[in-house]
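To start, the structure itself, in structure tokens.
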Number of protein chains: 2
Amino acid sequence: MEHGQAHEHSIERELECVSQVPIFQRLSADQMMSVAQVTRPIHAEKGGTVFSTGEVSQTLYIVNQGQVRLYHLAEDGREQVLRVLNPGDFIGEIALFTDEIHSSYAEATKTTELCTISRSALTALIKKLPPLSMALLGALADRLKVAERQATLLAIPDALPRLAGYLRELSGHTAGTVDLPMSKQDLAAYLGMTPESLSRKLRQLVTAGIIETIGRRQVKITDATKLGDVAPA
Amino acid sequence: MEHGQAHEHSIERELECVSQVPIFQRLSADQMMSVAQVTRPIHAEKGGTVFSTGEVSQTLYIVNQGQVRLYHLAEDGREQVLRVLNPGDFIGEIALFTDEIHSSYAEATKTTELCTISRSALTALIKKLPPLSMALLGALADRLKVAERQATLLAIPDALPRLAGYLRELSGHTAGTVDLPMSKQDLAAYLGMTPESLSRKLRQLVTAGIIETIGRRQVKITDATKLGDVAPA
DNA sequence: CGATCAATTGACACGGCTCAAGGGGTGTGG
DNA sequence: CCACACCCCTTGAGCCGTGTCAATTGATCG
């Protein structure tokens, strides 16, 4: 709030957020400025809620730093993880086009910085910046691909090929070390099985010489070929 | 190919296709004309293939009349239905933004009319017609919502609530008669169970007085409340 | 260094898949 | 219009896999 440059200074934080995010990456400096002007930053502490079920949303949330966990809460208290958002990922795009209440909770798993854009501001931006529509469409198409893959995986009745298929996706079909994007109990829910089953199936893959577990959140694929044999299609 | 009006006449068919499709619905007559000019119609007989696995696709397919079944072919020969496309639905949007080969088969279940748009033509259109981007984004967001719902459903370990949840979605949470979008064996695969299990669970719902089966492809929800009790969340 | 929660491991029961056989509806050809 | 055949759907019996419940180990954080 210093003299003269007060206004420009006030959007520095917004600009930083915008420049970090892939969907805005290809925009020119001018265009980014337009985006930054309608952006509002949000901060969430670890364990804090970004939004809850039942809230009406007309806002696009973009993760800048940190991590956000999106999950359903079943009536029996079990949490079903839908998705984990890392920096650059966004959520709320559905609510932007269809009036709807949130059907899930969004919780920060660490100290997190987000930026938000209201529906009206975004629609105005889209009309003004064609490259932005392309970027958004691309991002949405990617999301769709992932969601459909997950649906295909989950339709597999047996737990072992289901897990193997997931690991193969995660590793990009090649050997190497991969980070699990969430805790194992969350991963179990994500894959439609219990933590116990996940543990057993992982062990089974280790025994078969296909993977190695490194620490708590890493898995090393040692035999991508065998993994492909266990996984479907 | 008659004299004079030859050119205009040649895109009549394309224009008909474009005007039928929801994502183009809100465009003005002029704008529809622009779209029709880059559209190419395709015809498929019942049982015919629209595209196969392994083909590179840079084309958006929009179903005008008929029905198209999208499915994976597992190595054991089992077919996993991903989606059934009715008039107005489209496929190929993923391939428009990420170079990729098709991972599924598309087969016409009846005599079907489609229209296609190439990637380059569509990107050009988007730049020219902002309303089109909004329509596309909205349609993609809807698709995403459906895919995420399906993933949530499939993560349910027990078959009965999984089926109940599906029926509830299909009926729009109210009582009434709904058409099944595919055969029961396809539906079983879609829901991640065997045809036998599906048959038994349907019977179970009938016995409980929750639904009635009408013919082979219709289900009547008689007690939406009880259905909600069986279904999750 | 202790407390707390995640992850593992074991025993057991139940649900769903597998394999096999019997109707019922649908679409075809005569 | 009828009859046949094919395929989809249904129904039954047995077994394997996975969820459930419970206890132990292990790791991470204050």
Side-chain angles (χ1 to χ4, degrees), chain A residues 45-47 69 71 74 76-81 84 107 109-111 153-164 166 179-208 211-219 230 232, chain B residues 45-47 69 71 74 76-81 109-111 153-164 166 179-208 211-219 230 232:
Chain A
E45 284 302 325
K46 175 175 177 174
R69 196 173 65 122
Y71 62 96
D76 60 6
R78 286 199 359 165
E79 291 179 358
Q80 161 69 9
V81 175
V84 172
E107 174 199 82
T109 60
K110 29 181 136 170
T111 304
L153 274 181
L154 286 169
I156 300 169
D158 291 303
L160 188 61
R162 202 157 70 229
L163 171 60
Y166 174 77
D179 294 317
L180 300 180
M182 46 186 141
S183 73
K184 285 187 183 166
Q185 57 183 5
D186 282 348
L187 180 60
Y190 182 82
L191 291 175
M193 60 181 94
T194 58
E196 293 92 330
S197 278
L198 176 60
S199 181
R200 285 186 247 268
K201 294 308 165 189
L202 276 174
R203 171 144 306 282
Q204 202 170 327
L205 289 175
V206 170
T207 308
I211 65 168
E212 289 170 19
T213 55
I214 306 170
R216 185 166 280 191
R217 283 220 185 174
Q218 281 194 327
V219 171
V230 179
Chain B
E45 283 303 324
K46 174 175 179 175
R69 197 172 67 123
Y71 63 95
D76 58 9
R78 284 195 3 161
E79 292 180 357
Q80 160 70 9
V81 174
T109 60
K110 25 183 137 168
T111 305
L153 273 181
L154 287 170
I156 300 169
D158 292 303
L160 187 61
R162 202 157 70 228
L163 171 59
Y166 175 77
D179 294 316
L180 300 180
M182 47 186 140
S183 73
K184 286 188 182 164
Q185 57 182 6
D186 282 350
L187 181 59
Y190 182 83
L191 290 175
M193 59 180 95
T194 58
E196 293 91 331
S197 280
L198 177 61
S199 180
R200 284 187 249 268
K201 295 308 165 189
L202 276 174
R203 170 143 307 279
Q204 204 170 324
L205 289 174
V206 170
T207 307
I211 65 167
E212 290 170 18
T213 55
I214 304 171
R216 184 166 281 192
R217 281 219 185 177
Q218 282 194 326
V219 171
V230 179

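Quick note: numbers below take in every heavy atom, side chains included, and nothing from hydrogens, waters or symmetry partners. In the text below, chain A, chain B and the rest are named by the order of the sequence lines, each starting its count at 1.
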Heavy atoms, side chains only, cut-off 4.5 Å: are [X] and [Y] in contact?
X	Y	value
A/Y166	A/L187	yes
A/V219	A/E212	no
A/K46	A/T109	no
B/L205	B/L160	yes
B/R217	B/S183	yes

Margin query: So if I take residues 201-208 of chain B and measure heavy-atom distances to DNA chain D, which residues fall below 4.0 Å?
Written below: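 Hits under 4.0 Å, by residue number: B/R203.
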Return the value, rounded to whole Å, for the distance between atom [atom1] of [X] and atom [atom2] of [N].
X	N	atom1	atom2	value
A/I156	C/dC17	CD1	P	13 Å
B/R217	D/dC7	CZ	C1'	13 Å
B/Q185	D/dT10	CD	P	11 Å
B/K184	D/dT11	NZ	C1'	14 Å
B/L191	D/dC9	CG	P	13 Å

Note to self: Can you list everything that forms a side-chain hydrogen bond (donor to acceptor under 3.5 Å, both in side chains) with B/S199? Sequence neighbours excluded, please.
What the structure shows: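 Partners of B/S199 by the side-chain hydrogen bond (donor to acceptor under 3.5 Å, both in side chains) criterion come out as none, since no residue qualifies.
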Item checked: Partners meeting side-chain hydrogen bond (donor to acceptor under 3.5 Å, both in side chains) with B/D179 (sequence neighbours left out) ->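 Once residues adjacent in sequence are excluded, the partners of B/D179 under the side-chain hydrogen bond (donor to acceptor under 3.5 Å, both in side chains) criterion are B/Q218.
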Could you write out each protein N or O paired with an N or O of nucleotides 12-14 of chain C at a distance under 3.5 Å?
none

Margin query: Quick check against the 3.5 Å criterion: does A/R162 have a side-chain atom that pairs as donor or acceptor with the backbone of A/I156?
Written below: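 Yes; at least one donor-acceptor contact below 3.5 Å.
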Check: Nucleotide by nucleotide, 5' to 3', does protein get under 4.0 Å of the base (B), only the sugar-phosphate (S), or neither (-) in nucleotides 19-30 of chain D, counting heavy atoms?
Finding: SBBB----S---
Note to self: If you assign B/L160 and A/T213 each to the DNA chain C nucleotide with the nearest heavy atom, which residue ends up on the more 5' nucleotide?
What the structure shows: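 Closest to the 5' end, via its nearest nucleotide, is A/T213.
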Check: Can you list the residues that meet the side chain to side chain contact (heavy atoms under 4.5 Å, CB included) rule with B/T213, with sequence neighbours excluded?
Finding: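 Counting only residues at least two positions away or on another chain, B/T213 forms a side chain to side chain contact (heavy atoms under 4.5 Å, CB included) with B/V206.
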Next item on the list: Applying side chain to side chain contact (heavy atoms under 4.5 Å, CB included), name anything that partners A/A189, two or more places apart in sequence or on another chain.
Entry: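 Scan of A/A189 (side chain to side chain contact (heavy atoms under 4.5 Å, CB included), adjacent residues dropped) gives A/Q80.
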Next item on the list: Stems involving DNA chain C: give each as a range paired with a range, ordered by first number, where a stem means at least three consecutive Watson-Crick or G-U wobble pairs under 3.5 Å.
Entry: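 DNA chain C forms these stems: C:1-21 with D:10-30, C:24-30 with D:1-7.
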Next item on the list: Measure the spacing between CG of A/D186 and NZ of A/K184 and express it to the nearest 0.5 Å.
Entry: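 The distance works out to 13.0 Å.
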Checklist line | salt bridge (charged side-chain N to carboxylate O under 4.0 Å, His left out) partners of residues 197-207 of chain B, not counting sequence neighbours, each pair once | finding: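 As it turns out, there is no salt bridge (charged side-chain N to carboxylate O under 4.0 Å, His left out) pair with a partner in residues 197-207 of chain B once direct neighbours are skipped.
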Check: A/L198 and A/L202: side-chain contact (heavy atoms from CB on, under 4.5 Å), yes or no, with the steps?
Finding: CA-CA 6 Å; A/L198 176 60; A/L202 276 174; 4.1 Å; yes
